[in-house]
Amino acid sequence: MSHSPQTICIVLGTRPEAIKLAPVIQAFQSNPHFTTQVLLTGQHKEMVDQVMQIFEITADHNLDIMQPQQTLADITCRSLQGLQTLLAALQPQAVLVQGDTTTAFAAALAAFYQQIPVGHVEAGLRTDHIYNPYPEEANRRLISQITQLHFAPTPQAVANLEASGVTGSIHHTGNTVIDALLTVAQKQPSCNIPNLDWEKYRTILATVHRRENWGDPLQDIAQGFLQILDTFPDTALVLPLHRNPTVRKPLQAILGQHPRIFLTEPLDYTDLVGAIQRCHLLITDSGGLQEEAPSLGKPVLVLRETTERPEAVTAGTAKLIGTNTATIVTEASHLLNHDQAYNAMAKAINPFGDGHASERIVAAVQNFLGL
Ligand code: UD1
């Protein structure tokens, strides 16, 4: 029996969603059973554009909602209303969202209101704390309650979903970030940072952006970076700044003048992968980097009190260190002083996937729709 192509809407708003959905979009686009509609909320502008270009994806619709200093309610309301109109017009058979952003939550809710089945990519991540990360932990829990197809990256995520009593079907797919990472890493990307000689220094790659780290924690983190560089003259720090002024202004003020600190604009994904390959270690509050760095054999010190990615901690490649200045310096110094400790963490392991998650997601949707 032949079917006419079924419409799938894939909604994204921020940079990590673009990275993790790019291979999924490509997999749907190359499958004749589906017509794929890529919907951007526009929660991020420049940071998403970069990723779309690298993976050669174009948006079919863009709600263009971003405003400077947008609040969570702004993002939710504007996305929900814009998607209501789009979904009513497009009448898709399923809507896919990814992760835990406000875009993902609003898109799942918009689909639910129109009784369109939701597929959740990277489902089942959990911390024990509703405010950590904030608001992401609540977003993903809320999405799980209105999702019919849960695409869990790891066995732990499957178990978390089973323990949450969700309805719908749970599929262990692996994390699509590995699909994206392997595609880009194979191209052996370079990473040119003006005036930085990667060969000359042991370079620390750092990123900071999480809401729970705004304010005092951000100051403490920056002081920690300064002390590490002062203690170890053979180190440099590369810190791509998030576009949010709440994050970038204090970091620029504290770190902007140091000769071995390289504050850059957000790196495009190719450069970022090149930077992970060249750096000595990572210090970050990012979720995605906790998944990418172990796959490329780099230790990660995580600037958070909790993680929804315990797989890397269990495997010994990531360590939770929080945001206290003295602790950051102690933990980084330990890795910089002791080769044995460093080598124990610098294992190329891949607890998050095998690079084929997107294919499994397409197959599950196909099966769900009886195609
Ligand atoms: C969002 C996600 C977070 C994700 C992060 C990745 C939520 C609640 N948070 O946080 O889970 O880890 O994206 O970056 O969904 N801005 C620009 N240009 C851009 C992007 C952002 O100027 O391309 C500025 C704007 O001033 C904006 C601010 O950054 O108001 C904050 O963006 P927002 O999406 O609200 O939060 P993020 O911290 O980026």
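This structure is a prediction, so every number in the text was calculated from the model and none was measured. Whatever order the structure lists them in is the order used to number ligands and atoms, beginning at 1.
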Next on the checklist: Ring centroids only, cut at 6.0 angstrom: are His44 and His242 within range, meaning strictly under it?
Outcome noted: yes

Checklist entry - If you measure from each heavy atom of Thr71 to ligand 1, is any distance below 4.0 Å? => result no

Next on the checklist: Counting only nitrogen or oxygen atoms and a 3.5 angstrom limit, does Thr103 reach ligand 1?
Outcome noted: no

Next on the checklist: Give the atom numbers and elements of ligand 1 that come within less than 4.0 Å of a heavy atom of Pro135.
Outcome noted: 8 (C)

Item to check | ligand 1 atoms in contact with Gln70 (distance to a heavy atom under 4.0 Å) | outcome: 27 (C), 30 (O), 32 (O), 33 (P), 34 (O), 35 (O)

Checklist outcome for this item: Of Glu46, His209, Arg243, the one forming a side-chain contact (heavy atoms from CB on, under 4.5 Å) with Pro266 is Arg243

Item to check | Linked, directly or transitively: Met345 and Leu320 (ILVMFWY side chains, under 4.5 Å) | outcome: no

Checklist entry - If you count the non-hydrogen atoms of other residues, nucleotides and ligands that lie under 6.0 Å from CZ in Phe112, is the total more than 12? => result no

Checklist outcome for this item: Interatomic distance, OH@Tyr134 vs CG@Leu72, rounded to 0.5 Å, equals 5.0 Å

Item to check | Nitrogen or oxygen atoms of Asn139 and ligand 1 under 3.5 Å apart | outcome: no

Checklist entry - Is it the side chain, the backbone, both or neither of Gln69 that has a heavy atom closer than 4.0 Å to ligand 1? => result backbone

Checklist entry - For the ring pair Tyr342 and His280, is the centre-to-centre distance below 6.0 Å? => result yes

Item to check | Structural part of Leu72 in contact with ligand 1, heavy atom criterion under 4.0 angstrom | outcome: side chain

Item to check | Thr14, portion touching ligand 1 at heavy-atom distance under 4.0 Å | outcome: side chain

Checklist entry - Relative to the heavy atoms of His209, which atoms of ligand 1 are at a distance of less than 4.0 Å? => result 4 (C), 5 (C), 6 (C), 12 (O)

Checklist outcome for this item: If we number the atoms of ligand 1 from 1 as shown, the ones under 4.0 Å from a heavy atom of Pro16 are 6 (C)

Next on the checklist: Using a 4.0 Å cut-off to any heavy atom of Pro245, which atoms of ligand 1 qualify?
Outcome noted: 26 (O)

Checklist entry - Can you tell me if Glu136 has a non-hydrogen atom under 4.0 Å from ligand 1? => result yes

